[in-house]
A.B. asks: 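Take this structure, written in structure tokens, and hold onto it; I'll ask about it next.
Below, read A as the first sequence line, B as the second, and so on, with proteins coming before strands; counting in each chain starts at 1. Below, each value reflects all heavy atoms present in this structure, side chains not excepted, and no hydrogens, waters or symmetry copies.
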Amino acid sequence: MKYDPTAIEEKWQKKWEEEKTFSVTEDQSKPKYYLLEMFPYPSGKIHIGHVRNYTIGDVVARYKRMKGHNVLHPIGWDAFGMPAENAAIEHKIHPAKWTHENIDHMKMQLKRMGFSYDWDREVATCDPKYYRWEQLFFIWMVEKGLAYKKRSTVNFCVKCDTVLANEQVEGGLCWRCGEEVTEKVLDQWFFKITAYIEELLDYCDKLPGWPERVMTMQKNWIGKSYGCEVDFPLIGSEGAIKVFTTRQDTLFGATFMLVAAEHPLVMELAKGKPCEGEVRSFVEKVKKQDKLMRTSEYYEKEGLFLDSYCRNPLTGGEMPVYAANFVLADYGTGCVMAVPTHDQRDFEFAKKFNLPLIVVISPKDKMLDPATMTEAYVDEGILVNSGQFDGMENTKVLEAIADFLEAQGKGKRTIQYRLRDWGISRQRYWGAPIPMINCDLCGIVAVKEEDLPVVLPENVVFSPEGGSPLAALKEFVDTTCPKCGGKARRETDTMDTFVESSWYFDRYCSPDCDTKPGLDRKKLDYWMPVDQYIGGIEHAILHLLYARFYTKMLRDFGVLGVDEPFTNLLTQGMVCKETTKCPEHGYVFPEQAADGKCHLCGKDIIIGKTEKMSKSLKNVIDPDYLVKTYGADTARMFCLFAAPPEKDLEWSDQGVDGSFRFLGRLWRIFDEYVEDIKTVAPASAGTASDGELKALRRKTHQTIRKVTIDIEDRFHFNTAISAVMELVNTLYAFGRPAKENTAALAVVREAIEAAVLLLCPIVPHMTEELWQMLGHKTPASDMPWPVFDPAIACEDEMTIVIQINGKLRSRMTVSVDEGEEKIKNNALADEKIISFIGDLNVHKVIYVPGKLVNIVAR
RNA sequence: GCCUGGGUGGCGGAAUUGGUAGACGCAAGGGACUUAAAAUCCCUCGACUCUUGCAGUUGUGUGGGUUCAAUUCCCACCCCAGGUACCA
């Protein structure tokens, strides 16, 4: 019989669907295992990145299931977001319709891949049954001060016509569309993620199951730094300029003061002075430049003297105050003490404006002369020109100076963070409405809990000019105040879609719960936390940090009993492919570049760099095409075989052929034996065998051992597959036993069954089919994972390598239980070894058990 | 600049704790089967040298070091990828 993937795959998929094979409930008798892959945005079609991500997850889910775990493996849709709204504007299709059509199509595609999802738990975040609870949490957050409204300058993307969180600005560009980000002043809702900042940071060291680099990225993003807040009294007027510094050791070298151009103090100081007009135009100029300049390589340091002075609190020296374009208004106090001798930026600024330099840290081996310095000295050293602190090491004096400042009342220790609160207001339609009402009399009032959800109205008008369609819908906006009953207006901003993805994994545990708070604590206590989370590295900061915060908050609301949502995290690499380019028609799809010629003009195709698959580069592989040509099993196998999951995967058409060929090979060897082994029981623990049979059994059990370790400990499916390939190769090399030789056929059957079960999580359709053809009534996926017998897996002979001075010279085969002395003597008696040693004296003989003998001879 | 990773045949990748470098697959070459092709099955396959052998030398980005032994540990450097960036 020929291998026909389509027929087999559709048969089993139908069965899984009809029998709800993978639907689960809380079962106290089994250990639970919650396996989660990052849910997709329903953009229209699944792409190869999804296929890889979900295949990795599916293998683990199926493996754990065979290992006896009660596996929760859900899927859903991150269904709110801009593309739906853009489609509405461009194609005049309602976002809801567009989204649901996409979901239907993608759902079909996922089912066609044979993923073992519990489809009963499917969740779409655009469903009011989902976001109503998010609105409830929002109200609670407002009550607890964890959500608040603030007028602030925000990152704004003109193209997307919406606000972006700091985390969503990448190098000054919008993370989604790549448009230049501008600033805008708006009333915005914020989530007080900073309320949990210390806990978020703490747990960075308490999540051993997360990749080191993700934790590092999060730590850096939180950006905790210790320092002092120091007051620099103004000369000639009241008050002082407050400065944050981590380098109080350089305080004696502070010779001028820098204030962020946007800082209100700038205009205050300049007010009424001759420089006022000049300062104002400088501030305007910087405000306009700011975002543009920040992305530029050559950021010109500019500043303007404010005709004001302050006093260095330790030296008493007069310090001119400058407005500067390179000082950040929203970090620290927005003012910086400048120490030109020990900070490169300050040094450049001082040179430009001819400001004084005082060396306060001296390297141990030489003297610094301010007159001849060409750059700031930023390394460690001994304090000089620093009064009572002279002679101390700068790294050790930090505490002493902080103590001194506190004792003198001139400053105090403080901690600064880089992380800001999370701005979640979006001026978009297709998102969860913020359940707030603006009343002229009562101010901002929350919608009553019993009035939730605030349903997103459908009958809105989309205009290409942007602007929120919600704000334009009178019947939505006009409402009554829940407090005074008077006329009031609804909040028309919607929430950032990262809010929905911050708790969808909780919702999966009780997807149909329709009583407050929408999460069934009992069920959550059973399933949470997620044991294994799998997704792209691109979410290392944004989604993962938000989800961690939201989890801690829900815990404090009593909704949830865990501190962290994801115990183990696997970040899988991207899928890449070489680009194909026609000199005339630009990037072309791979199928348009067959035989190296452009399909339009016949010109030679230029093979470009290997890059992440993307529509714009046209270096994409259509999963539908793959499934149609090779079947889902081959697509799954190739995704796993070509590279370990955390690495980028380079797509190779030949590689896919290779995977397909292997499945065919397995199929054929099976087909060759199936009639003969159908009636034979597989070899089992008690079966004794020797010679070739013993060797095959050994290989079988070694393969079980290797595959189990590779999947369990490392998720290295590529080496697991290699191991099964080796077993299949061994079967091909094995002499075909006669029909009557049931002892031999039992061993063959054991090997074939092992191969089938070991591959079951990877290529579930084909293995189910083979399993059934063997006469089994229980499906392969319901079988326990095979166990190996160490006694059978154990070799009875071993090859010992003989080295002389670390160089491989000979090898010998000995029994595994051979003693050390005998092995050493054998090695020394080896003919080749004797001739190599020649006149040399043997100093030492080292034996590494089971591996080698190294003879040290001089 | 800083923080992470990483650099192994023609290619994707193995080598789990310092102990036989290159498993497995792809590509390539050869053979078998076939009228032929495809498919399939088998064999060879890092480089160099010669005395062509169960041979020797060399070889895991570069240069040093530790060790009986280094792809693996240490130091310095080069390159690549990701993150981040005037954070005071």
Side-chain angles (χ1 to χ4, degrees), chain A residues 2 170-172 211-221 223-225 227 243-248 250 254 258 260 293-295 299 301 324-328 330-339 342-346 348-349 378 416-418 537-538 540-541 571 573-574 638 641-644 646-659 661-662 664-665 668 706 709-710 713-714 716 718-726 728-729 732-733 799-811 832 843-858:
Chain A
K2 217 178 150 267
E170 293 174 349
E212 187 67 36
R213 62 178 181 140
V214 174
M215 295 284 59
T216 312
M217 279 159 74
Q218 293 213 349
K219 276 189 211 167
N220 290 343
W221 192 263
K224 183 177 186 175
S225 53
V243 154
F244 172 74
T245 181
T246 55
R247 292 296 306 274
Q248 58 268 26
T250 63
L258 297 168
M293 295 297 279
R294 199 157 293 175
T295 58
Y299 197 78
K301 286 177 182 36
N325 65 342
F326 63 95
V327 175
L328 300 173
D330 51 0
Y331 182 79
T333 61
C335 307
V336 177
M337 67 173 202
V339 184
H342 304 294
D343 181 287
Q344 188 56 28
R345 295 158 299 180
D346 297 346
E348 286 166 29
F349 195 89
V378 293
Q416 277 292 326
Y417 299 94
R418 207 182 88 108
I537 184 72
E538 65 272 21
I541 299 172
T571 49
M574 299 179 301
F638 177 71
F641 183 62
E646 66 276 11
K647 271 190 85 161
D648 285 350
L649 180 151
E650 195 184 329
W651 195 263
S652 136
D653 292 332
Q654 292 101 333
V656 181
D657 278 333
S659 294
R661 258 202 307 264
F662 167 71
R665 215 168 134 78
R668 276 186 301 275
K706 169 113 181 101
I709 292 170
D710 283 349
D713 298 356
R714 313 194 299 164
H716 277 205
N718 55 336
T719 51
I721 292 169
S722 301
V724 183
M725 284 174 167
E726 281 186 56
V728 171
N729 288 348
Y732 268 88
T799 303
I800 297 293
V801 163
I802 312 172
Q803 299 181 334
I804 296 174
N805 298 330
K807 263 191 186 148
L808 180 86
R809 290 304 183 196
S810 182
R811 54 186 94 217
K832 277 175 78 183
H843 283 249
K844 207 161 140 192
V845 180
I846 295 152
Y847 173 57
V848 181
K851 300 275 185 195
L852 56 79
V853 173
N854 190 16
I855 298 161
V856 185
R858 305 252 179 252

A.B. asks: Whole-Å distance between G5(B) P and M215(A) CE?
C.D. replies: 14 Å

A.B. asks: Verify the contact: side-chain N or O of R809(A) to OP1 or OP2 of U57(B), cut-off strictly under 4.0 Å; return yes or no.
C.D. replies: yes

A.B. asks: Classify the nucleic acid contact of K706(A) as base, sugar-phosphate or nothing, counting any heavy atom under 4.0 Å across all strands shown.
C.D. replies: base

A.B. asks: Answer yes or no on whether K301(A) is positioned over the face of F349(A), meaning its NZ or CZ is under 6.0 Å from the six-membered ring centre and within 45° of the axis.
C.D. replies: no

A.B. asks: RNA chain B: E650(A) or N805(A), which has the more 5' nearest nucleotide?
C.D. replies: E650(A)

A.B. asks: Under 4.0 Å, counting only non-hydrogen atoms across every strand here, what does R668(A) touch: a base, just sugar-phosphate, or nothing?
C.D. replies: sugar-phosphate

A.B. asks: Can you see if the side chain of N220(A) gets near the phosphate of A85(B) - specifically, an N or O under 4.0 Å from OP1 or OP2?
C.D. replies: no

A.B. asks: Return the nucleotide paired to U40(B): Watson-Crick means purine N1 to pyrimidine N3 with N6-O4 or O6-N4, wobble means G-U with N1-O2 and O6-N3, both under 3.5 Å.
C.D. replies: A32(B)

A.B. asks: Which part of the nucleic acid, if any, lies within contact of D648(A), taking any heavy atom under 4.0 Å across all strands shown: a base, the sugar-phosphate backbone alone, or nothing?
C.D. replies: sugar-phosphate

A.B. asks: S652(A) or R714(A): which one's nearest nucleotide on RNA chain B is closer to the 5' end?
C.D. replies: R714(A)

A.B. asks: Base, sugar-phosphate, or nothing for D657(A), non-hydrogen atoms under 4.0 angstrom?
C.D. replies: nothing

A.B. asks: For G13(B), give the paired nucleotide (Watson-Crick: N1-N3 plus N6-O4 or O6-N4; G-U: N1-O2 and O6-N3; both under 3.5 Å), or none.
C.D. replies: none

A.B. asks: How would you label the contact of G658(A) with the nucleic acid (heavy atoms, under 4.0 Å): base, sugar-phosphate, or nothing?
C.D. replies: sugar-phosphate

A.B. asks: Of the nucleotides A85(B), C24(B), G83(B), which one has an atom closest to the side chain of R418(A)?
C.D. replies: A85(B)

A.B. asks: Using a heavy-atom cut-off of 4.0 Å across all strands, would you classify P644(A) as base, sugar-phosphate, or nothing?
C.D. replies: sugar-phosphate

A.B. asks: Looking at G806(A), is its backbone amide N or carbonyl O close enough to the side chain of N854(A) to form a donor-acceptor pair, meaning the two atoms are under 3.5 Å apart?
C.D. replies: yes

A.B. asks: Would R661(A) and D657(A) count as a salt bridge (charged side-chain N to carboxylate O under 4.0 Å, His left out) here? Give the steps.
C.D. replies: CA-CA 6 Å; R661(A) 258 202 307 264; D657(A) 278 333; 5.6 Å; no

A.B. asks: On a heavy-atom basis, which atom in I541(A) and which in Q218(A) lie closest, and how many Å separate them?
C.D. replies: O-NE2, 4.1 Å

A.B. asks: With sugar-phosphate meaning primed atoms plus P, OP1 and OP2, does K647(A) contact a base, only sugar-phosphate, or nothing at under 4.0 Å between heavy atoms?
C.D. replies: sugar-phosphate

A.B. asks: Does N718(A) put a side-chain nitrogen or oxygen below 4.0 Å from OP1 or OP2 of A14(B)?
C.D. replies: yes

A.B. asks: Quick one: label Y417(A) by what it contacts on the DNA or RNA (base, sugar-phosphate, nothing), any heavy atom closer than 4.0 Å.
C.D. replies: nothing

A.B. asks: Would you indicate, yes or no, if A85(B) has its OP1 or OP2 atom less than 4.0 angstrom from a side-chain nitrogen or oxygen of R345(A)?
C.D. replies: no

A.B. asks: In Watson-Crick or G-U wobble terms, both distances under 3.5 Å, what is the partner of C2(B)?
C.D. replies: G83(B)

A.B. asks: Both distances under 3.5 Å, Watson-Crick or G-U wobble: report the partner of G63(B), or none.
C.D. replies: C75(B)

A.B. asks: When you measure from the centre of the six-membered ring of Y732(A), is the NZ or CZ of R665(A) under 6.0 Å away and within 45° of the axis?
C.D. replies: yes

A.B. asks: Going by the side-chain contact (heavy atoms from CB on, under 4.5 Å) test, name the single residue among L649(A), I721(A), V656(A), T719(A) that passes it with F641(A).
C.D. replies: I721(A)

A.B. asks: So if I take every side-chain heavy atom of W221(A) and compare against A14(B), A88(B), A85(B), which nucleotide ends up nearest?
C.D. replies: A85(B)

A.B. asks: Is there a side-chain polar atom (N or O) of Y331(A) under 4.0 Å from OP1 or OP2 of A88(B)?
C.D. replies: yes

A.B. asks: Which part of the nucleic acid, if any, lies within contact of V336(A), taking any heavy atom under 4.0 Å across all strands shown: a base, the sugar-phosphate backbone alone, or nothing?
C.D. replies: base

A.B. asks: Looking across every strand, which nucleic acid part, if any, lies under 4.0 Å from Q344(A) by heavy atom: base, sugar-phosphate, or nothing?
C.D. replies: nothing

